[in-house]
Amino acid sequence: FAHPTRQIFMVQRVPHHCDTSWILEINPNLTKEEQLNLTIPRNTQGSYEECYMYTPVDWDLDSIRRYGLNSTEKCRDGWVYPSIKRSLKCVSFLQFDLVCDRKEQTDISQSIFMLGLLIGAFIFGSLSDSIGRRPTTLVCLLIQGVFGIGTAFVPNFYVYVALRWAIVLTESVLTFLATEWVGISYRPHAVIISHCWFAFGQMTLAGLAYGIRNWRMLQIAGSAPVFALFFYIWVFPESARWLMAKGKIKDAKKLFQKAAVMNKRTIPPELLDELTPEKESKSGNILDVFRKRHLRKVTLIMSAAWFVNSLVYYGVSLNVGNFGLDIYLTQLVFGAVEIPARFSCIYLLQWFGRKKSQSGCLLLGGIMCLIITGIPKDLPVVTTTLAVIGKFSIAASFSVSYVYSAELFPTVVRQTGVGLCSMSARLGGIISPLIGLLGTYNSVIPMAIFGGTPVIGGILCCLLPETRGKELQDGTEEPVETQWWRGNHGVIMDNFGHPLPASWIKLVL
C-alpha cells in the first residue's frame with residue numbers, strides 16, 4: 001500500500017469542462033445546455049472543449065446570443081465534472097483539479113515518488129547497517145503508518161506529494177531480513193516469496209479501491225493495517241548475520257538457538273563455539289567493476305537489464321487505466337499474474353539457466369508491448385491480454401535479475417555491482433512516468449518505448465556468461481569455468497576435485 005502505483009485509482013480521467021457560472025449572474029434561468037453552448041467552444045470532434053472557455057464579457061444575454069463570443073482563454077474559475085455529483089467532489093481526488101495544464105503533475109509526482117525509492121535506499125540502507133535491521137524496519141513501519149494516515153488529511157496536492165514521498169522512502173529497506181535469515185541456496189526463494197506478497201498487496205488494493213471511492217478513506221484503510229503489526233516490537237528478530245558482523249556473538253548465538261528450536265533442530269555446542277566475529281574483508285569500489293573488461297561488460301549489461309525491467313514494469317503498471325477495460329479488474333489481474341510469474345522463476349532458473357531466462361523474459365515482454373502498438377483501441381480485451389502477458393514476463397525478468405546479478409559479480413564487488421544495478425532500476429522508475437507524457441504527441445510512443453527497450457536488453461543479455469551450477473567468484477580475476485557435482489558418499493565437489501563444505505547454518509535452517 002506504500003507503493004506509488006496506488007495513485008492510479010485516485011487520478012482517473014473524468015470528463016470535465018471549464019466552470020462558466022459567470023453567465024448565470026446575467027441570467028440564472030439558463031439551462032445547462034444553453035450555458036455550455038454560449039460559453040464553451042467545441043473541438044474538431046464536435047464535443048465541448050475541456051480546457052478552454054469563451055472570455056467572459058460584460059454584455060446582456062441578448063447581445064451574447066446575437067453576436068456570439070469568439071475570444072477564448074484557458075479555464076479561469078476551475079472546472080466542472082458533470083459525471084460527479086458536487087457533493088462527492090470533496091471526497092474524490094478531483095478536488096485538486098489535476099486536469100488540463102495541471103494533469104502533468106500526476107506523472108511528475110510519480111517520478112518524484114520513484115526518486116524517493118532511490119534516496120530511501122541510501123538513507124535507510126546506511127541506517128540499517130549502522131543501528132541494525134530490526135530498529136530500522138520498525139521505524140520504517142511507523143513512518144508508513146503515521147504518514148499514511150496523515151496523507152488522508154492533506155489540504156492540497158503538494159502536501160500530499162510530500163507525505164507520500166516520505167512514505168516511499170521507507171520501502172527499500174523492508175526486504176533485508178528476507179535474505180539474511182536463510183541459507184545461500186534459499187535466498188532466491190526468499191526474494192521471490194517477498195515479491196509474491198507485493199503482488200498480493202496489489203490485488204488487495206484493487207479490491208479496496210473498488211469498494212472505497214472516497215480517496216481519503218481509501219488512504220486510511222490502506223495505511224491503518226500497519227499499526228496491527230505493533231507486536232513486531234516483541235517478536236521481530238534482528239539479523240544474526242548483522243550481529244556477527246558487529247561482533248555481537250552472544251546475541252547471535254541466542255538467535256541461532258531460538259531459530260533452531262522453532263525449526264525443531266539442535267545445534268551442537270561445538271558448532272556454536274566456532275562462531276567468531278566476521279573479519280572485515282577488503283571490498284571493492286565502484287572503479288573496480290569498470291577496470292576489468294569482463295566486469296565492465298557484466299556491469300553495463302546488467303545495469304541496462306535492471307533499468308529496462310523497472311522502466312517497463314512501472315510503465316505498464318501506471319498505464320493500467322489506458323487499456324480500455326475496467327481499471328479495478330485490470331489491476332486485480334495484473335497483481336494476480338505476478339504470483340505465477342515470480343514462482344515460475346524458480347523452475348526457469350533450474351531448467352533453462354540464468355542467461356536464457358533473463359534474455360527470454362525481456363524479449364517476450366518487449367514483443368508483447370510492441371504488438372500492443374498495432375492493436376486498435378476498440379479491442380480492449382486483446383490489448384489487456386497482451387499487457388498481462390507482458391507484465392508476467394517483465395515481473396519474472398525482475399526476479400531473475402536479482403538472482404543473476406548476485407551470481408555474476410564476485411564477492412569483493414558484489415555489493416557495489418548489485419548496488420549500481422539497483423540504482424539503474426530506480427532511474428528507470430523515475431523516467432517511466434515521464435515517458436507517459438509523450439502520449440500527448442502520439443499515443444503509440446510510450447508503448448513503443450516500453451516494447452523496444454526490453455528487446456534491446458534481452459539481446460544484450462545473450463552476451464553474458466551462464467552461472468547456473470557454477471561456483472561464485474571471490475576475486476575480480478577472469479572466472480574459471482567451474483561446475484559443482486556430487487562425488488562419493490554424496491559429498492559435493494567442484495570440477496577440480498575440491499570438496500565444498502556444507503554451511504553450518506543449514507543445521508539451523
Side-chain angles (χ1 to χ4, degrees), residues 1-22 49-53 73-120 123 140 142-171 205 208-209 212-224 226-227 314 317-321 327 429-430 432-434 436-437 440:
F1 293 104
H3 206 265
T5 53
R6 76 180 303 169
Q7 188 171 304
I8 61 177
F9 296 110
M10 300 178 181
V11 187
Q12 300 184 43
R13 190 189 180 285
V14 177
H16 55 273
H17 58 75
C18 298
D19 185 349
T20 58
S21 54
W22 63 269
E49 286 282 1
E50 294 185 331
C51 302
Y52 291 92
M53 58 183 283
E73 63 179 36
K74 294 181 179 179
C75 298
R76 176 186 299 185
D77 301 314
W79 292 265
V80 175
Y81 305 89
S83 61
I84 304 295
K85 293 181 180 179
R86 187 175 295 272
S87 60
L88 295 179
K89 182 182 176 182
C90 62
V91 297
S92 72
F93 222 63
L94 297 174
Q95 70 183 97
F96 297 140
D97 288 329
L98 300 177
V99 295
C100 297
D101 290 343
R102 301 181 185 179
K103 66 181 179 181
E104 289 82 4
Q105 293 182 16
T106 60
D107 291 318
I108 294 173
S109 67
Q110 294 286 16
S111 291
I112 293 174
F113 296 153
M114 297 299 178
L115 178 62
L117 292 175
L118 175 61
I119 297 176
I123 295 175
C140 288
L142 180 63
I143 291 174
Q144 289 187 7
V146 173
F147 281 70
I149 296 294
T151 303
F153 302 96
V154 296
N156 57 61
F157 184 66
Y158 301 104
V159 178
Y160 168 84
V161 171
L163 293 183
R164 289 289 301 159
W165 188 79
I167 295 171
V168 171
L169 284 175
T170 65
E171 186 176 325
L205 176 60
L208 276 178
I212 306 175
R213 301 303 173 94
N214 182 327
W215 79 268
R216 297 183 186 273
M217 292 302 299
L218 175 62
Q219 187 69 40
I220 294 174
S223 302
V226 173
F227 292 105
Y314 290 111
S317 298
L318 297 176
N319 204 39
V320 67
I327 187 173
I430 293 170
S432 184
L434 300 179
L437 296 176
T440 57

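Minimum heavy-atom separation, T151 to Y160: CG2-CD1, 3.2 Å. A pairwise comparison of heavy atoms in P15 and E50 identifies CA-OE2, 4.0 Å as the closest pair. Counting all heavy atoms, side chain and backbone alike, S111 lies closest to L434 at OG-CG, 3.2 Å. For the residue pair D19 and D77, the shortest heavy atom distance occurs at CB-O, 3.5 Å. Closest approach of I167 to Q144, counting heavy atoms only: CG2-CG, 4.1 Å. The two residues S109 and V161 make their nearest non-hydrogen contact at CB-CG2, 3.9 Å.
Qualifying side-chain contact (heavy atoms from CB on, under 4.5 Å) partners for V146, counting only residues two or more places apart in sequence or in other chains: L142, F227. Looking at residues two or more places apart in sequence or on another chain, you find no salt bridge (charged side-chain N to carboxylate O under 4.0 Å, His left out) involving R102.
F153 places a side-chain heavy atom less than 4.5 Å from the side chain of I220. Inter-residue side-chain proximity for P433 and F113 is flagged as unmet; no heavy-atom pair is nearer than 4.5 Å. In this structure, H17 and W79 have side chains that are not in contact, with every pair of non-hydrogen atoms separated by 4.5 Å or more.
A distance of 8.5 Å separates CG in L115 from CG in L169, rounded to the nearest 0.5 Å. From Y52, atom OH reaches atom NZ of K74 across 5.0 Å, with rounding to the nearest 0.5 Å. To the nearest 0.5 Å, the span separating CG on L163 from CD1 on I149 amounts to 12.0 Å. Note: Q219 CD to I212 CD1 = 11.0 Å, rounded to the nearest 0.5 Å.
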Please evaluate residues C75 and C18 with respect to the criterion disulfide bond (SG atoms under 2.5 Å apart), reporting the C-alpha separation (whole Å), side-chain torsions for both, the decisive distance (0.1 Å), and the verdict. CA-CA 5 Å; C75 298; C18 298; 1.8 Å; yes
